[in-house]
Student: 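This is the structure I have questions about; it appears just below.
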Amino acid sequence: MTTTKPTSSTRTETGYRPGPDGLLLEVDDLHVEFHTEEGVAHAINGVNFDLRAGETLAILGESGSGKSVTAQAIMGILDMPPARIPKGEIRYCGQNLLTMPEDQRRRTRGPEISMIFQDALSSLNPVFPVGWQIAEMFRKHRGTNKSDAQANAIRLMERVQIPGAKDRVKAYPHQFSGGMRQRIMIAMAIALDPAVLIADEPTTALDVTVQAQIMNLLAELQEERQMGLILITHDLGVVADVADRIAVMYAGRIMERADVYELYAKPAHPYTLGLLESIPRLDQKGQELAAIGGLPPNLLRLPQGCEFHPRCRFAQDVCRADRPELREVAPGRLSACHFAQEVLHRG
Ligand code: ADP
Ligand code: MG
């Protein structure tokens, strides 16, 4: 990728500067727990990853694996309580967001780190025109006057390919289709030119053809603006074409991290292997889907040893006793499995 956007490499406007190689975000040993009536739910149990400008990282995992909680922790929108972050750091351009004063942190939300949610309908305000809602980003954060903010909103609506943007700027959310509403959410999320964009299952609520269009739009915008994009999904098929790297989550941990092609070709964790086997393939029509047997663990009482061992076909005694750390198992390959080599080189 050769195009560089001046603001994401220097960020002079805001004073944040990426580290070497465009390093933007470092999530380091993140832990999140929820204090509930039934006890403490250990939702995030030591998550590690980083993100650079111009890079797309996919976070993949079954429902309940902690993807959204991780995103919410980065955005700083977890309700605390019931959430608590007992351990870990989230550094943006070298600064720990978790210890930053709230007013400073609030100013990172939007211009530095921005997020798109799964459900565009409930994220938009039904009583205001969409153009007004986009323009509000400029008025609120930049003090832009009304007519310039409106002009910016129209330009953004055109950029996210909303047909007839000029005429529809005054329309209300319910007058748009699901796909068009998601485009409006994307316009709002990129309005202030964020360095990091987190998209949490941005296409799950949409039908398949619209899914592909939205995914392509996100990929285009990421490339054009050299954003660091975190793409959260439970669907491996959705991210194959757009992600550079993948982090696979299970029970609030990263089980495997790799370059997307290597992970697809040769998974190094039994959980990833199970996810890959559960993708329906065109050449296997009629064959039974190999879903991973068993259920995700109870976060109130995580199993001893490896969190995945009760569902794992590779499990041995050591897996029931020792929790494997995420470690390098081949060049550029990380896996939290005692038998990563066996999985990687299986026959
Ligand atoms: P997903 O990977 O599907 O996005 P989440 O990150 O939403 O999963 O959730 C991870 C776990 O944290 C789930 O078991 C969920 O029930 C739990 N969790 C999330 N928010 C809360 C909350 N406010 N109170 C208690 N538990 C929560
Ligand atoms: Mg989620």
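Order of listing sets the numbers, starting from 1, for every ligand and every atom in it. All values below come from the heavy atoms of this structure, side chains included, with hydrogens, waters and symmetry mates left out.
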Student: Side-chain contact, heavy-atom cut-off 4.5 Å: L206 with Q182?
Tutor: yes

Student: Among all protein heavy atoms, pick out the one at the shortest distance from atom 20 (N) of ligand 1; state its residue, atom name and that distance to 0.1 Å.
Tutor: F34 CZ, 3.4 Å

Student: Should the proximity of S68 to ligand 1, defined as any heavy atom under 4.0 Å, be assigned to the side chain, the backbone, both, or neither?
Tutor: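 The part of S68 near ligand 1 is both the backbone and the side chain.
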
Student: Assess S68: does it contribute an N, O or S atom lying under 2.8 Å from the Mg ion (ligand 2)?
Tutor: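 So S68 counts as coordinating the Mg ion (ligand 2), yes.
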
Student: Can you check whether a protein heavy atom sits less than 4.0 angstrom from atom 7 (O) of ligand 1?
Tutor: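 Yes, there is a protein heavy atom closer to it than 4.0 Å.
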
Student: Please identify which of these residues, I232, I198, I230, meets the side chain to side chain contact (heavy atoms under 4.5 Å, CB included) condition with M115.
Tutor: I198

Student: Does the structure place the NZ or CZ of R84 under 6.0 Å from the centre of the six-membered ring of F34, at an angle of no more than 45° from the ring's axis?
Tutor: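 Checked: cation-pi criterion not met.
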
Student: Heavy-atom distance from atom 15 (C) of ligand 1 to the protein below 4.0 Å?
Tutor: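 No, there is no protein heavy atom closer to it than 4.0 Å.
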
Student: Tell me which one of G252, P82, G64, A41 gets a heavy atom nearest to atom 10 (C) of ligand 1.
Tutor: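 Of the listed residues, G64 has the closest heavy atom.
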
Student: Would you mind reporting whether F308 and P303 have side-chain heavy atoms less than 4.5 Å apart?
Tutor: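 They are not in contact (no side-chain heavy atoms under 4.5 Å apart), so the answer is no.
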
Student: Check whether any side-chain N or O of Q175 sits under 3.5 Å from a backbone N or O of Y172 as a donor-acceptor pair, and report yes or no.
Tutor: yes

Student: Could you check whether R106 pairs with D103 (Lys NZ or Arg NE/NH1/NH2 to Asp/Glu carboxylate O, under 4.0 Å)?
Tutor: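 Result for this pair is no, no salt bridge flagged.
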
Student: Could you check, using the six-membered ring where one of them is a Trp, whether F314 and F339 have ring centers closer than 6.0 angstrom?
Tutor: no

Student: Can you pull out the closest protein heavy atom to atom 12 (O) of ligand 1? Residue, atom name and distance to 0.1 Å, please.
Tutor: A43 CB, 3.5 Å

Student: If we set the cut-off at 4.0 Å for heavy atoms, which region of E62 has an atom near ligand 1: side chain, backbone, both, or neither?
Tutor: backbone

Student: Under 6.0 Å from the CD atom of Q304, do we count more than 12 heavy atoms belonging to anything else shown?
Tutor: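 For Q304, atom CD is not crowded (no more than 12 foreign heavy atoms under 6.0 Å).
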
Student: Quick one: look at T70 and ligand 1, take heavy-atom pairs under 4.0 Å, and tell me if it's side chain, backbone, both or neither.
Tutor: neither

Student: Under 4.0 Å from a heavy atom of S63: give me the atoms of ligand 1 that qualify, with their elements.
Tutor: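 This gives 3 (O) as the contact atoms.
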
Student: Considering only heavy atoms of L299, which atoms of ligand 1 have at least one such atom less than 4.0 Å away?
Tutor: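 What qualifies from ligand 1 is 11 (C), 13 (C), 14 (O).
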
Student: For atom 5 (P) of ligand 1, which of I59, V69, L60, L300 has the closest heavy atom?
Tutor: V69

